[in-house]
Every structure is written in structure tokens, then in C-alpha cells.
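Read the structure below first, then the notes.
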Amino acid sequence: MMIKTLDENRLGLLVWKVSNFWHNSLKRYLKKHSLTVNEYIVLESIYRLQNNQININQIALSNYSGVDISVISVVLKLLEKKSLVTRNIDLDNRKKIINLTNKAILKIKEILPSIDEVEKNIFNKLDKEKTNFYNTLKIILGKKIRIKAERSINDN
């Protein structure tokens with residue numbers, strides 16, 4: 001009799017394994033750029049927020065990225081040492097405004113297409129189920145989903 005592996009019986013473990021697979025795939029790629037996954041997520045988040053003309057502080061960064069504020073704090077210190085971010089005191093002296101350096105912007109622009117490619121290689125296996133998978137994960141996280149109706153050939 002063939003015994004199923006634990007992840008075949010436990011949905012949570014299967015999600016965890018997929019998450020680890022994604023994380024390790026990104027980690028292997030980012031190692032070439034001397035970045036961790038957390039550092040990359042923070043850099044990409046700052047990059048996207050700056051493109052929307054938002055003054056970025058640690059709280060806004062944590063809210064946008066979903067990364068815990070204590071992790072954001074540690075990662076920002078590391079990114080400062082790597083000359084990828086600067087933190088300047090805001091007008092009220094209680095918050096620091098976070099900005100990417102030119103070095104970081106060039107690095108993100110170089111890395112982003114490859115990260116997209118790594119993720120495509122992982123998730124394109126879902127084929128037509130990708131939207132359903134994405135929506136299912138959002139439902140589990142308590143987020144709202146938007147379902148697009150597929151148009152048939154006769155809808156023209």
C-alpha cells in the first residue's frame with residue numbers, strides 16, 4: 001500500500017511547500033545581486049511607492065509590502081549600509097522619509113524583469129487556472145477579488 005506524503009493530506013503544508021519553492025527560486029537569483037528576498041521586497045516596494053509620488057516611511061512601507069515593521073527596520077539598516085536607501089528626517093522629526101539611491105534604482109530596473117521571469121516559470125504551470133489560484137489566495141487572506149467575465153467568440 002502506498003502512503004501519501006504529509007503535504008498531500010494537509011493543505012497548509014502544501015501551501016508552505018509552494019511558498020518555500022517560490023522563496024528559494026527568488027533567493028537563488030537574488031544571491032547573484034547580493035540581496036536577500038526581504039531586501040528585494042523592500043526595495044521593490046519603495047520603488048513602486050516612489051513612482052506614485054508617496055513620501056515613504058516605515059509604516060507605509062510595512063502596510064504596502066506586508067512585511068512586519070520590525071523586519072522593515074532591520075532591512076532598511078542593511079540597505080543603508082549597501083548604499084541602496086537613504087533615510088531623512090521628516091518635518092515633524094518623528095518619522096524618517098525613505099528614498100532609493102540611484103544605485104538602487106538601477107539595480108531594481110535590472111532585476112525586476114528577471115524576477116518576473118522566475119515567477120512566470122513557477123506559476124505559468126497553472127495555465128488557465130492562474131486567475132483562480134490568485135483569487136483563491138486573496139480570499140484566504142481576506143481580500144476582495146474581482147472576477148472578470150470571459151468573453152465568448154459570439155459576444156462581438
Side-chain angles (χ1 to χ4, degrees), residues 1-79 82 84-85 97-100 103-156:
M1 179 173 119
M2 183 94 158
I3 298 175
K4 291 182 178 182
T5 60
L6 188 58
D7 64 356
E8 292 177 77
N9 294 314
R10 302 280 311 273
L11 186 57
L13 286 175
L14 196 55
V15 170
W16 177 71
K17 284 182 83 170
V18 170
S19 177
N20 282 338
F21 180 69
W22 168 84
H23 186 269
N24 289 331
S25 298
L26 291 186
K27 188 171 143 183
R28 274 192 300 281
Y29 172 74
L30 290 169
K31 187 175 184 178
K32 301 172 197 171
H33 296 278
S34 302
L35 290 173
T36 65
V37 175
N38 281 341
E39 290 171 336
Y40 173 75
I41 290 170
V42 169
L43 285 174
E44 182 183 346
S45 297
I46 297 168
Y47 178 74
R48 296 196 185 281
L49 287 169
Q50 278 185 332
N51 284 342
N52 288 313
Q53 312 296 323
I54 295 172
N55 281 339
I56 306 156
N57 59 44
Q58 285 184 199
I59 294 169
L61 193 51
S62 177
N63 290 338
Y64 179 79
S65 67
V67 175
D68 187 82
I69 195 139
S70 62
V71 175
I72 294 283
S73 180
V74 171
V75 170
L76 285 174
K77 287 175 188 169
L78 294 170
L79 293 173
K82 293 180 179 186
L84 296 173
V85 299
I97 301 300
I98 303 158
N99 289 294
L100 295 177
K103 177 181 173 182
I105 292 169
L106 292 173
K107 190 177 271 288
I108 286 291
K109 287 182 177 180
E110 175 189 350
I111 291 173
L112 196 53
S114 297
I115 292 292
D116 288 344
E117 197 60 36
V118 169
E119 288 188 343
K120 280 181 189 172
N121 288 337
I122 294 169
F123 296 110
N124 276 350
K125 297 170 190 164
L126 293 169
D127 198 22
K128 294 178 182 178
E129 293 300 318
K130 189 190 289 185
T131 301
N132 289 336
F133 184 71
Y134 182 79
N135 285 337
T136 300
L137 292 175
K138 286 179 79 173
I139 289 169
I140 290 169
L141 293 172
K143 309 262 183 194
K144 292 184 179 182
I145 62 170
R146 290 167 57 182
I147 300 174
K148 295 179 184 176
E150 289 191 32
R151 295 181 67 192
S152 71
I153 297 172
N154 298 328
D155 287 346
N156 296 338

Minimum heavy-atom distance Val75-Glu39, with the two atoms named
CG1-CA, 3.7 Å
Take Lys107 and Leu35 through the test side chain to side chain contact (heavy atoms under 4.5 Å, CB included) and record every step on the way to the result.
CA-CA 10 Å; Lys107 190 177 271 288; Leu35 290 173; 3.8 Å; yes
State which residues pass ring pair (Phe, Tyr, Trp, His ring centres under 6.0 Å) with His33; sequence neighbours excluded, sorted by chain then number.
Tyr29
Give a yes or no on whether the backbone of Ala104 and the side-chain of Lys109 come within a donor-acceptor separation of less than 3.5 Å.
no
Set out, in order, the CA-CA distance, both residues' side-chain angles and the distance that settles side chain to side chain contact (heavy atoms under 4.5 Å, CB included) for Ile98 and Leu49, then state yes or no.
CA-CA 10 Å; Ile98 303 158; Leu49 287 169; over 6 Å; no
Which pairs with one or both residues in residues 121-142 pass salt bridge (Lys or Arg N to Asp or Glu O under 4.0 Å), sequence neighbours excluded?
none
Among pairs that include at least one residue of residues 64-79, which meet salt bridge (Lys or Arg N to Asp or Glu O under 4.0 Å), considering only residues two or more places apart or in two chains?
none
What residue pairs, at least two apart or across chains, pass salt bridge (Lys or Arg N to Asp or Glu O under 4.0 Å) with a residue in residues 110-122?
none
Matching residue for Ile72 among Asn63, Leu61, Ile41 - test: side-chain contact (heavy atoms from CB on, under 4.5 Å)
Leu61
Results of salt bridge (Lys or Arg N to Asp or Glu O under 4.0 Å) for Lys31 - residues two or more places apart only
none
Gap between atom CD1 of Ile56 and atom OH of Tyr64 - 0.5 Å precision:
9.5 Å
So, taking the atom named CG in Asn24 and the one named NZ in Lys17, what distance separates them when rounded to the nearest 0.5 Å?
12.0 Å
From Lys143 NZ over to Asn135 CG, what is the distance, rounded to the nearest 0.5 angstrom?
13.5 Å
Trp22 vs Phe123, side chain to side chain contact (heavy atoms under 4.5 Å, CB included): CA-CA, chis, key distance, verdict:
CA-CA 9 Å; Trp22 168 84; Phe123 296 110; 3.8 Å; yes
Calculate, to the nearest 0.5 Å, the distance between atoms CH2 and NE2 belonging to Trp16 and His23 respectively.
12.0 Å
Straight-line distance of Asn38 CG to Ser65 OG, nearest 0.5 Å:
9.0 Å
Can you name the nearest heavy-atom pair linking Leu30 to Thr36, along with the distance?
CD1-O, 3.8 Å
Given 3.5 Å as the limit, does a donor-acceptor pair link the side chain of Ser25 with the main chain of Phe21, or not?
yes
Heavy-atom side-chain proximity of Val85 to Leu43 below 4.5 angstrom
yes
Contacts satisfying side-chain hydrogen bond (donor to acceptor under 3.5 Å, both in side chains) that involve residues 42-51 (not counting sequence neighbours) are Tyr40-Glu44, Glu44-Arg48, Gln50-Asn99
What distance do Ile108 atom CD1 and Lys103 atom NZ have between them, rounded to the nearest 0.5 Å?
13.0 Å
